[in-house]
Amino acid sequence: MKKFFAVFGLYLAAFAVFAGDLEKADRVYSAMSERFKNEVVIADRAEFVSDLLEVLAEEKKFNPNDQSIYFLIDKTHKASKNYEPADLVLLEKNDLFFLNKNGMYIRREAYEALKQMAKAAQNDGITLLVSSVYRSYAYQDNLFNYWVKVDGLEEAERESARPGTSQHQLGTAIDFGSISDDFDRTEMGQWVYRNAARFGWSLSFPKGYEDVTGYRWECWHFRYLGKKACDFQKKYFNNIQQFMLEYLNEWLQTEA
């Protein structure tokens with residue numbers, strides 16, 4: 001009998017914690033933008049919270065000495081000037097994918113996922129082209145200023161991130177192909193669109209969401225988040241990366 005009550009007590013404690021998570025999920029949802037709430041409808045709150053906790057647990061599998069793989073970086077959430085991923089890997093000429101230049105680096109978890117995706121693409125007759133990966137704060141500063149000179153500040157803000165606000169500084173974003181607006185119409189682009197999420201890659205700046213992401217459509221720009229997060233994004237967030245990352249960020253900052 002004592003064992004029964006002990007087990008029952010643990011069950012009640014776990015239920016109380018989960019009930020608290022349900023209430024927290026509602027508070028976080030309420031803090032989201034109106035566009036978010038118009039597009040993100042959570043029918044089964046218990047299932048949502050269960051999936052959410054699995055995604056957060058998955059984060060522990062990534063390098064604990066580096067920035068969170070889910071770190072929200074955008075026009076209002078920044079990485080520090082001195083931040084550099086802890087485990088960058090140099091991309092070298094190989095038999096799996098093409099490189100359009102030398103000296104590119106990528107965070108190790110993303111590198112392993114890239115190799116898996118590139119191998120699958122080759123099995124389907126496609127060889128991926130990697131055109132841009134990690135960029136330091138200083139590199140992004142120079143790049144942004146270049147586009148300001150070329151296009152003017154207003155247009156540069158739509159197409160290039162200010163230093164400290166680029167996903168490329170995290171070492172987990174890749175620009176595929178020739179970095180052009182027709183990438184999604186190429187064989188490579190079509191393959192990436194169909195298969196990227198299977199390997200944990202998510203399109204960062206989709207068409208029609210400039211008011212959400214801050215950037216115009218970039219059909220070539222994908223960020224590595226892990227397969228579980230990509231599944232979570234598709235299941236609950238209308239497959240919009242920014243919506244999911246904003247929710248995760250708010251969740252982590254909200255007290256239980």
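Pairs passing the ring pair (Phe, Tyr, Trp, His ring centres under 6.0 Å) check and including a residue from residues 180-208, sequence neighbours excluded, read Y193-F222, W201-Y224, F205-Y215, F205-H221.
By the 4.0 Å N-to-carboxylate-O rule, E157 lies close enough to K75 to be salt-bridged with it. Taking the charged nitrogens against the carboxylate oxygens, D124 and R194 have no contact shorter than 4.0 Å, which rules out a salt bridge. A salt bridge links E23 to R27: at least one charged side-chain nitrogen sits closer than 4.0 Å to a carboxylate oxygen.
With no hydrogens or angles considered, a side-chain donor-acceptor pair links S68 and E59 at under 3.5 Å. Using modelled atom types and a 3.5 Å distance limit, the side chains of Q167 and Q241 yield a donor-acceptor pair. Defined by atom type and a distance below 3.5 Å, a donor-acceptor pair is present between the side-chain atoms of D66 and Y83. Side chains of S80 and N82: a donor-acceptor N/O pair is absent below 3.5 angstrom, by distance only.
When ring centroids are compared, F48 and Y247 come within the 6.0 Å threshold. Checked against a 6.0 Å centroid threshold, the rings of F98 and F176 do not count as neighbours.
A pairwise comparison of heavy atoms in L88 and R107 identifies CD2-N, 3.7 Å as the closest pair. Pairing each heavy atom of A161 with each of Q140, the nearest pair is O-NE2, 2.9 Å.
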### Message
ring-ring contact (aromatic ring centres under 6.0 Å, His included), that's the test. Do F237 and F232 meet it? Break it down for me.
### Response
CA-CA 8 Å; F237 297 93; F232 187 56; 5.2 Å; yes
### Task
Evaluate the criterion side-chain contact (heavy atoms from CB on, under 4.5 Å) for residue pair Q242 and Y209; output intermediate values, then yes/no.
CA-CA 9 Å; Q242 184 74 15; Y209 284 85; over 6 Å; no
Extract all donor-acceptor atom pairs below 3.5 Å that involve side chains of residues 144-153 and protein atoms in other chains or at least two apart in sequence.
from : atom 1 : to   : atom 2 : distance (Å)
N145 : ND2    : D141 : O      : 3.1
N145 : ND2    : D141 : OD1    : 3.3

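With R216 as reference, E159 is the one residue of E210, E155, E154, E159 to meet the salt bridge (charged side-chain N to carboxylate O under 4.0 Å, His left out) rule.
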